[in-house]
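Note that ligands are numbered from 1 as they come in the structure, with each ligand's atoms numbered from 1 the same way.
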Amino acid sequence: MKNLDSRSHVRGESVYLDDIPVVRGTLYACVFDSPAAHGRLVFINPSEAERSEGVEKIITAQDLIGENQIGGIIPDEPLLAESEVHFQGQPIAIVVAETEELARKAAKKITVEIEALPVITDPRVAAANGDLIIPPKKFVLGNTAAAFANCQHVFEGRAGTGGQEHLYIETQGAYAVHAENGGLKIYSSTQGPTAVQRAVCRVTGLPMHQVEVDVQRLGGGFGGKEDQANAWAGICAVAAQLTKRPVKYALHRMEDMRMTGKRHPYSADYKIGLDRDLNIVAYEATFYQNAGASCDLSPAVLERTLFHATNAYYVPNITATAYCCRTNLPPNTAFRGFGGPQGMFVIESAIAHAAERLGVRASDIQQKNLIDDGDEFPYGQIAESDARTTWTQADAKYDFTRLQKEADEFNASSKYLKKGVATMPVCFGISFTKTPMNQARSLVHVYTDGSVAVSTGAVEMGQGVNTKIAQVAAEVFGLPIEMVRLHTTNTLRIANTSPTAASAAADLNGKATQMACESIRERLFEIAQRLVEAESPEQLSLADGYVRRNGERTSLDWQTLVMDAHLERVNLSEHAHYATPGINFDWSTAKGHPFAYHVYGTAIVGVTVDCLRGRYEVDYVKCCHDFGSSMNTAVDHGQIEGGIVQGLGWMTMEEVFYDEEGRLRSNALSTYKVPDIYSVPETIEILPLQTDRKNLAVFNSKAVGEPPLMYGIGAYFAIRNAVNAFTKGGVVLPFDAPFTPEKVLMGIYEK
Ligand code: MTE
Ligand code: HPA
Ligand code: MOS
């Protein structure tokens, strides 16, 4: 089934923040942001801007009625800079004017005096200076020191990954409108309506029941709006509060790129030890996370790096340590995979390093060490593993040996064009690693005409969560999907939501919806039992808009049943709450059972590299993916293809570049390259894992949002293998992603 939004999307009728009709009297905000990455803010001069045409008000930190603070995990992030600035792009003042253009024009007239302080952009330098946002975190299993002593082979090195711009098509933004009695209604392009509500309350001083947040849909979030939509909502709210007029701010692309955080770049040291048979016996990794200037979600991202430090492998002895390093960059934030990909890249580098030195294929080491049923993850959870089944089924379908042989044969007869192949197993844990976040609510109304309205805490951002939730309701009520309508995500209807993140939105909100619908169905069956003269409700079911008795369609249709129930004063609405059972995690021991389940998969990636020019193409990505049993293959395949291409982009062409002054140089689409239709591989093949295993996903349909991104990591190693085929080991390349064409070329011809 198609994504329910497809039709309105292609007709340009879908409503995003900037499409919401504005109320008369609306003002427009624009931020004046710091031109320096670190310094003492000596003086702000807004006077010329204040006199600028159409300007209603200039707001600085002193003007706030509430607290000048939006930091969620740690209160280290002012809404507006006060005495210091910590990154280029940090908001200093809000200009509110009659039009967007006049606001932006006035903002240019603000001047500041900043006394420069040292700018740190390298996380290792920050760590050496002791500038950590939280104390280091550590995972330990077994005894690495003792294990290394007994290893046949030990390899050490460094591996690092770059940042990644979210590049959601819809930029960040918000619109604040006054409600009666001093309240505010906030329209926001956010993955976390409750996070926005909290931030708005903090900076305005309003209680939560005075602030309504409403989200229709996002033009993409990818993690960038899990936490970082808060600032813009806070800015509009404060401006609305102080001007007593509605205020809107939709960021321009370059403002968004400059002022918001991205995927965390990481630098890591690794040490891997193998025995004679290529079993990984010991692994040590130290991660330096480039967190940026304030905490944001960095500690949670850092945790997931540790959770996924061994990817899909069983390693009996591991020590993984992670440092959350404060630098003078915009605060980095959630991005599809949430630190997991950064952890996985390092162990894949360690394996590639070992393979290159030992003269074996990385896939031999990978396959040998896949995690099996009953093996323990470093964090104490026992695996119910399909790592090996996805590998085997992918190999059976795609024939890894044949694909490798094809590349070898091609390379034997081609001088400058070289093919490279790499396998990429993935294991990704599903649940927020912070256990309390794994809860959701759904409000279901059945109207007297039989149509159904559903509201949940899930935010639709293109991933199709609304379609899946509608399918759940349609399934429970035995109705065609057209009878079900998903409504906006709104804090008045659904309170205290977790953000739509961690790939868990369909599971959490879908399960809550299932529960709500089942409660209503139970009440309807009490009525239906009498009407169709069934002995018990167990004989009844709903399908195709009719009540069935022992599987046989009766004459009682859904609409009649609903109306009869209403006339009998039966409650046709339900608000249900779901909390993932069986999960826990204790940071004092760093052990527990944090994930409801894992998603497994194995991909094989093939590339062709032009070793004269450094250019390359990804020829294919073929994977066996663990859907459980997909409830919507169209949506899920879209998620896999999109995730793969986004992962390929991160590993190959997307290069976030800050100079030594902390200025973003890749600040537009001319300098920051993302995959376009021409860089999408000719072939993306998806083979669903055949499995009868039960899981905790909604209707056994596993989360799919993030895991496929990590198949893209295979592209890095495939390019590396192609380059190695050309240089025949004559050059030792660093493990340094993204592997841009420039890096390929400079790597080959460095001498
Ligand atoms: N797909 C689209 N089209 N747009 C997005 O913004 N975000 C990704 C993924 N797929 C995203 C997407 C991220 S980061 C997550 S966590 C999940 O969707 C969230 O949605 P889910 O929990 O419903 O899978
Ligand atoms: N994933 C995504 N977002 C999150 C998580 C997580 O595990 N924890 C907190 N926010
Ligand atoms: Mo996704 S990074 O968990 O929003």
(message) Determine whether the aromatic ring centres of residues Phe307 and Phe595 are separated by less than 6.0 angstrom.
(response) yes

(message) Using a 4.0 Å cutoff against the non-hydrogen atoms of Thr433, which atoms of ligand 2 qualify?
(response) 7 (O)

Nearest non-hydrogen protein atom, [atom]:
atom: atom 2 (S) of ligand 3; answer: Arg336 N, 3.1 Å
atom: atom 10 (N) of ligand 1; answer: Gln639 OE1, 2.7 Å
atom: atom 7 (O) of ligand 2; answer: Arg304 NH2, 3.0 Å
atom: atom 5 (C) of ligand 2; answer: Phe338 CE2, 3.3 Å
atom: atom 9 (C) of ligand 2; answer: Met437 SD, 3.5 Å
atom: atom 1 (Mo) of ligand 3; answer: Glu706 OE2, 3.7 Å
atom: atom 6 (O) of ligand 1; answer: Gly221 N, 2.7 Å

(message) I'd like the name of whichever of Ala502, Gly705, Gly221, Gly337 reaches closest to atom 3 (O) of ligand 3 through any heavy atom.
(response)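 It is Ala502 whose heavy atom sits nearest to atom 3 (O) of ligand 3.
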
(request) Ignoring hydrogens, just give me the one of Arg336, Gln646, Met461 whose non-hydrogen atom is nearest atom 4 (N) of ligand 1. (result)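 Heavy atom nearest to atom 4 (N) of ligand 1 belongs to Met461.
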
(message) Please classify the Glu226 to ligand 2 contact at 4.0 Å (heavy-atom distances, strictly less than): side chain, backbone, both or neither.
(response)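 For Glu226, the contact with ligand 2 is made by the side chain alone.
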
Check: [X] N/O within less than 3.5 Å of ligand 1 N/O:
X: Phe335; result: no
X: Thr500; result: no
X: Gly223; result: no

(request) Let me know which of Val599, Ile430, Asp507, Leu696 forms a side-chain contact (heavy atoms from CB on, under 4.5 Å) with Lys702. (result) Val599

Please determine whether a side-chain nitrogen of the Lys or Arg among [X] and [Y] lies less than 4.0 Å from a carboxylate oxygen of the Asp or Glu.
X: Arg217; Y: Glu460; value: no
X: Glu706; Y: Arg336; value: no
X: Asp626; Y: Arg693; value: no

Pair [X], [Y]: side-chain N/O donor-acceptor within cut-off below 3.5 Å:
X: Ser14; Y: His9; answer: yes
X: Tyr313; Y: Glu348; answer: yes
X: Thr194; Y: Asn496; answer: no
X: Ser442; Y: Thr456; answer: no
X: Thr488; Y: Arg493; answer: yes

(request) Considering non-hydrogen atoms only, spot the tightest contact between Gly162 and Arg263 and give its length. (result) O-CD, 4.3 Å

(message) Suppose I only count heavy atoms of Val465 and a 4.0 Å limit; which atoms of ligand 1 are within that range?
(response) 23 (O)

(request) Could you list which atoms of ligand 1 come closer than 4.0 Å to a heavy atom of Gly220? (result)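 Per the distance check, 6 (O).
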
Counting each atom of ligand 3 from 1 as listed, which ones have a heavy atom of [X] under 4.0 Å away?
X: Phe335; result: 2 (S)
X: Gly223; result: 2 (S), 4 (O)
X: Gln191; result: 4 (O)
X: Ala501; result: 3 (O), 4 (O)

(request) Please confirm whether Leu297 comes under 4.0 Å of ligand 2, counting heavy atoms of the residue only. (result)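 Contact absent.
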
(request) Could you tell me whether Lys225 sits above the aromatic face of Trp232, with NZ or CZ closer than 6.0 angstrom to the six-membered ring centre and within 45 degrees of the axis? (result)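 The answer is no; the distance or angle limit is not met.
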
(message) Are Ser385 and Asp375 packed together at the side-chain level, in the sense that at least one heavy-atom pair is separated by less than 4.5 angstrom?
(response) no

(request) Answer with yes or no whether Ala703 contacts ligand 1, where contact means a heavy atom under 4.0 Å from a ligand atom. (result)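 Ala703: no contact with ligand 1 (<4.0 Å).
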
(message) If the contact criterion is a heavy-atom separation under 4.0 Å, does Ala502 count as touching ligand 1?
(response)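 Yes, Ala502 has a heavy atom closer than 4.0 Å to ligand 1.
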
